[in-house]
Each structure stands twice: as structure tokens, then as C-alpha cells.
Number of protein chains: 2
Amino acid sequence: MKLTELKAIKLSELFSALSDASRVRIISLLIEGEMSVSALADGLKMSESAVSHQLRGLRQMHLVRARKSGRQVFYSLDDDHVARLFTLGLDHVQHG
Amino acid sequence: MKLTELKAIKLSELFSALSDASRVRIISLLIEGEMSVSALADGLKMSESAVSHQLRGLRQMHLVRARKSGRQVFYSLDDDHVARLFTLGLDHVQHG
DNA sequence: ATAATATATGAACAGTTGCTCATATATTCA
DNA sequence: TGAATATATGAGCAACTGTTCATATATTAT
């Protein structure tokens with residue numbers, strides 16, 4: 001399969017979004033449903049700042065979307081490709 | 001989905017293996033079939049040293065396997081999870 | 001208005017990454 | 001044996017990453 005350099009970069013950027021354990025754990029929680037920044041921070045025992053920084057990256061990659069409600073912001077997965085990549089990868093890690 | 005820290009790390013390591021454009025391009029060529037280091041270097045216009053360094057990482061992640069023949073080493077994808085992750089990701093990049 | 005809460009953001013810093021260059025190892029050929 | 005070829009590896013370095021800390025913005029409550 002011949003890949004243009006641009007597509008190779010885009011593809012690597014997509015995988016980069018999942019290339020950190022903190023982000024993987026964030027995704028793993030969001031698979032259950034939307035969650036606020038502080039709920040994520042609590043659940044992952046990370047600082048809210050660190051979570052917020054990571055969410056920004058995930059947002060920019062269109063892997064998550066934000067919904068603001070009052071002073072909270074609820075994040076959820078942007079589309080099902082994300083969950084499919086996640087579970088396919090998990091498959092490889094667990095068995096393969 | 002509750003992930004242990006260990007699985008989160010393993011999963012992020014898997015995605016890290018695909019988080020660089022050079023490695024993505026290597027995988028894209030290996031999807032066609034096995035290829036020697038120098039053929040990869042030629043096809044990708046990378047130095048053989050750089051390709052070899054990247055192949056080592058991919059080998060350690062069990063994404064590619066090596067077959068030695070004479071003084072050449074032919075690399076191929078280690079299992080089909082790799083190709084599936086690749087094409088699913090490409091899907092997301094092209095449409096989604 | 002002021003204070004409190006939830007999130008976002010910038011700077012800075014340690015750790016990591018991917019390359020180049022030099023060198024080492026392994027295999028083939030003369 | 002010695003030279004040539006194919007690949008691997010280590011050091012070194014510039015670029016990137018993920019966190020913390022301090023601060024900013026936005027919303028709600030008093």
C-alpha cells in the first residue's frame with residue numbers, strides 16, 4: 001500500500017493520540033460514557049490540569065468532544081473509530 | 001471499561017509503535033509483503049541505519065518479524081492485528 | 001460586587017524520541 | 001585470507017512530550 005507522506009503523518013498523529021498511558025486511560029473511561037474533567041481526574045488520580053492538557057490534545061485530534069454545562073465540561077468520544085481502535089489494540093495486547 | 005495501569009501502558013506502547021510517520025510508512029510497505037532493510041530504505045528514502053533502528057523497535061513490539069537470508073534480512077508483519085490497526089486508522093484519517 | 005468552583009492555558013523542566021555518524025558484526029566473494 | 005556488502009548498534013544531539021506550578025477565564029452563589 002503506497003502512502004503519501006501527508007497520510008503517513010496524519011495516521012501517525014492519530015496513533016500518537018493513543019500513545020500515552022494517561023490518554024489511553026482517559027479513553028477507557030470515556031468508552032463508558034461522557035465524564036467531566038474533574039471526574040476523570042478523580043478516577044485516574046491525575047491532576048485536573050494534566051487531564052485538561054491531555055483532553056485538549058484529544059480534542060484537537062477529534063477523538064473526543066466537549067459539552068459545556070454550567071461550569072463543568074463533559075467529554076465524550078467523538079466517534080466510534082476511537083473505541084474500535086482501542087478495543088482492537090487491547091485485543092492485540094491481551095492475546096496476540 | 002476499567003483498565004489496569006499495566007494494560008494501559010502496554011496498550012499505549014502498542015500505539016506508540018505506530019505513532020511515527022517513518023514507522024507508519026514502513027508498515028505500509030510491509031503490508032504488501034516482506035522486504036529487506038535496504039529495499040525499505042530505498043523505497044522510503046531513509047538511511048539504512050534509520051530504518052534499522054526503527055525496525056528494531058517494531059521487532060521488540062512484535063509488530064514485525066525478521067527472516068535472515070544470506071546477508072540480507074527480510075522483514076514482514078508479525079500478525080494481522082498490525083494490518084488491521086493500520087487500515088482502521090487509515091479509515092478514520094480518510095473519512096471520519 | 002466578591003468569593004468560590006471548574007476548567008483552560010502558558011512557562012519551564014525532566015524525560016523521551018528519531019535521526020546522523022562512526023563503528024561493529026556477519027556473510028559472501030575473490 | 002582480505003575486501004566488499006548488508007545490517008545492527010552505540011553515542012550524541014536537537015526536537016518533542018507530559019507533567020507541575022502559577023495564573024487566567026468563565027460560571028455560579030452569596
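Bear in mind that the values here come from a model prediction, so they are computed numbers and not experimental data. Chain A is the first sequence line, chain B the second, and so forth, proteins listed ahead of strands; every chain is numbered from 1.
- The aromatic rings of B:F15 and A:F15 lie parallel to each other, with less than 30° between the two planes, well short of the 60° mark.
- Atom CG in B:L40 sits about 17 Å away from atom P in C:dG18, given to the nearest Å.
- The side chain of B:S36 has D:dT7 as its nearest neighbour among D:dT9, D:dT7, C:dT9.
- Salt-bridge check for B:R25 with A:E5: passed, with a basic side-chain N closer than 4.0 Å to an acidic carboxylate O.
- Whole-Å rounding puts the A:L58 CG to C:dA8 C1' distance at 15 Å.
- For the pair B:R67 CZ and C:dT27 P, the computed distance is 15 Å after rounding to whole Å.
- For the atom pair B:L88 CG and A:L85 CG, the distance stands at 4.0 Å (nearest 0.5 Å).
- If you measure from atom CG of B:L55 to atom C1' of D:dT9, you get 13 Å, rounded to the nearest angstrom.
- Between B:Y75 and D:dA8 there is a side-chain N or O to OP1 or OP2 distance below 4.0 Å.
- Put simply, CD on A:E13 is 12 Å from P on D:dC16, counting in whole angstrom units.
- Of the N and O atoms on the side chains of B:R59 and B:Y75, at least one donor lies less than 3.5 Å from an acceptor on the other residue.
- When distances are taken from the side chain of A:Q72 to each of D:dG10, C:dT9, C:dT7, the shortest belongs to C:dT7.
- Nucleic acid contact for A:E48: base, since at least one base atom lies under 4.0 Å from a heavy atom of the residue.
- When rounded to the nearest whole Å, the span between CZ of A:R65 and P of C:dT7 equals 18 Å.
- Listed here is the closest heavy atom pair of B:S36 and B:F74: N-CD2, 3.6 Å.
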Check: If the sugar-phosphate is the primed atoms plus P, OP1 and OP2 and the base is the rest, what is the B/S/- string for nucleotides 18-30 of chain D, using protein heavy atoms under 4.0 Å?
Finding: SBBBB---SBB--
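- For residues 39-54 of chain B, the set of pairs meeting the side-chain hydrogen bond (donor to acceptor under 3.5 Å, both in side chains) definition, not counting sequence neighbours, comprises B:R23-B:Q54.
- When heavy atoms are screened at a 4.0 angstrom cut-off, A:S52 is found touching base atoms of the nucleic acid.
- To the nearest angstrom, P of D:dT7 lies 12 Å from CD of B:E34.
- Rounded to whole Å, the distance from CG on B:D42 to P on D:dT5 is 14 Å.
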